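Here, residue 1 is the first one in the sequence, and each next residue gets the next number. Atoms considered below: every heavy atom in the structure, side chains included; atoms not considered: hydrogens, waters and symmetry mates. Please read all numbers here as calculations on a predicted model, not as lab measurements.
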Amino acid sequence: MSAPRTAQAPGLTGHPRRCHGCGCHLSRYNDDAQCNACLRLAWGEAPGAQPCVPEHVWESSDIQLALQERDFGTVCLLVRRLGSLRQDDLATLTGLSQAFLSMLESGVRRLTNIDKIVLLLDGLDVPIELTGPILRGPKAPTALPGQRTAESEFESA
């Protein structure tokens with residue numbers, strides 16, 4: 001039986017590669033000199049910061065076409081690539097699991113449940129001009145000063 005494989009520094013044997021930032025072991029699949037956590041800090045992201053989709057992402061004609069075709073796997077993949085996000089970030093934003101998003105992007109699963117479609121689009125904050133109002137969750141009506149909403153009339157009854 002052979003010894004377990006570890007990430008090796010180029011040209012060195014027996015020495016696992018370590019992150020230049022925090023010193024943790026680097027995966028053999030990581031070609032960078034730092035772990036992902038340190039890279040994200042270097043990009044200016046504060047620890048524990050809520051991810052968001054940059055506005056410029058929605059200007060992409062590829063994303064607009066994928067939304068028109070209701071190809072949500074391609075939408076997720078393009079949003080991640082153009083917005084420099086991870087699947088975990090999309091999971092945080094949408095409430096869908098990272099495993100489901102992975103299967104969606106790879107084409108193993110399709111998104112057909114309207115509730116999940118609304119979750120995805122609302123979580124990514126897709127502009128309503130690109131989706132139409134039918135695919136968006138209900139927004140609470142805002143009342144003008146002195147105007148009553150259905151909720152306020154219900155509460156006063």
Spatial distance of atom [atom1] ([X]) from atom [atom2] ([Y]) [nearest 0.5 Å]:
{"X": "Thr94", "Y": "Leu104", "atom1": "OG1", "atom2": "CG", "value": "9.5 Å"}
{"X": "Thr131", "Y": "Ile117", "atom1": "OG1", "atom2": "CD1", "value": "11.0 Å"}
{"X": "Cys76", "Y": "Gln87", "atom1": "SG", "atom2": "CD", "value": "8.5 Å"}

Please tell me if the side chains of [X] and [Y] come closer than 4.5 Å, counting only heavy atoms from C-beta onward.
{"X": "Asp115", "Y": "Leu119", "answer": "no"}
{"X": "His25", "Y": "Arg18", "answer": "yes"}
{"X": "Trp58", "Y": "Asp125", "answer": "no"}
{"X": "Ile63", "Y": "Val57", "answer": "yes"}
{"X": "Arg80", "Y": "Glu105", "answer": "yes"}

List the atom of [X], the atom of [Y], and the distance in Å for their closest heavy-atom pair.
{"X": "Pro51", "Y": "Leu85", "result": "CB-CD2, 4.2 Å"}
{"X": "Gln64", "Y": "Leu130", "result": "CG-CD2, 3.8 Å"}
{"X": "Cys19", "Y": "Gln34", "result": "SG-CA, 3.6 Å"}
{"X": "Ala91", "Y": "Ser97", "result": "CB-C, 4.2 Å"}
{"X": "Leu82", "Y": "His56", "result": "O-CE1, 3.2 Å"}

Look at the side chain of Arg70 and the backbone N and O of Leu67, then say whether any donor-acceptor pair between them is shorter than 3.5 Å.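 It does hold such a pair.
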Side-chain (Thr92) to main-chain (Asp88) donor-acceptor, under 3.5 angstrom: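 Checking the backbone N and O of Asp88 against the side chain of Thr92, a donor-acceptor pair under 3.5 Å is found.
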When you measure from the centre of the six-membered ring of Phe100, is the NZ or CZ of Lys116 under 6.0 Å away and within 45° of the axis?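 Yes, Lys116 lies over the aromatic ring of Phe100.
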Among Leu120, Val53, Asp89, side-chain contact (heavy atoms from CB on, under 4.5 Å) partner for Val79: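 Exactly one option meets the side-chain contact (heavy atoms from CB on, under 4.5 Å) with Val79, and it is Val53.
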Identified side-chain contact (heavy atoms from CB on, under 4.5 Å) partner of Phe72 from the options Leu121, Thr112, Leu101: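 Among Leu121, Thr112, Leu101, the one that satisfies the side-chain contact (heavy atoms from CB on, under 4.5 Å) with Phe72 is Leu121.
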Out of curiosity, does Leu111 fall in the hydrophobic cluster containing Leu77 (side-chain heavy atoms, cut-off under 4.5 Å, transitive links)?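 Each belongs to a different hydrophobic cluster.
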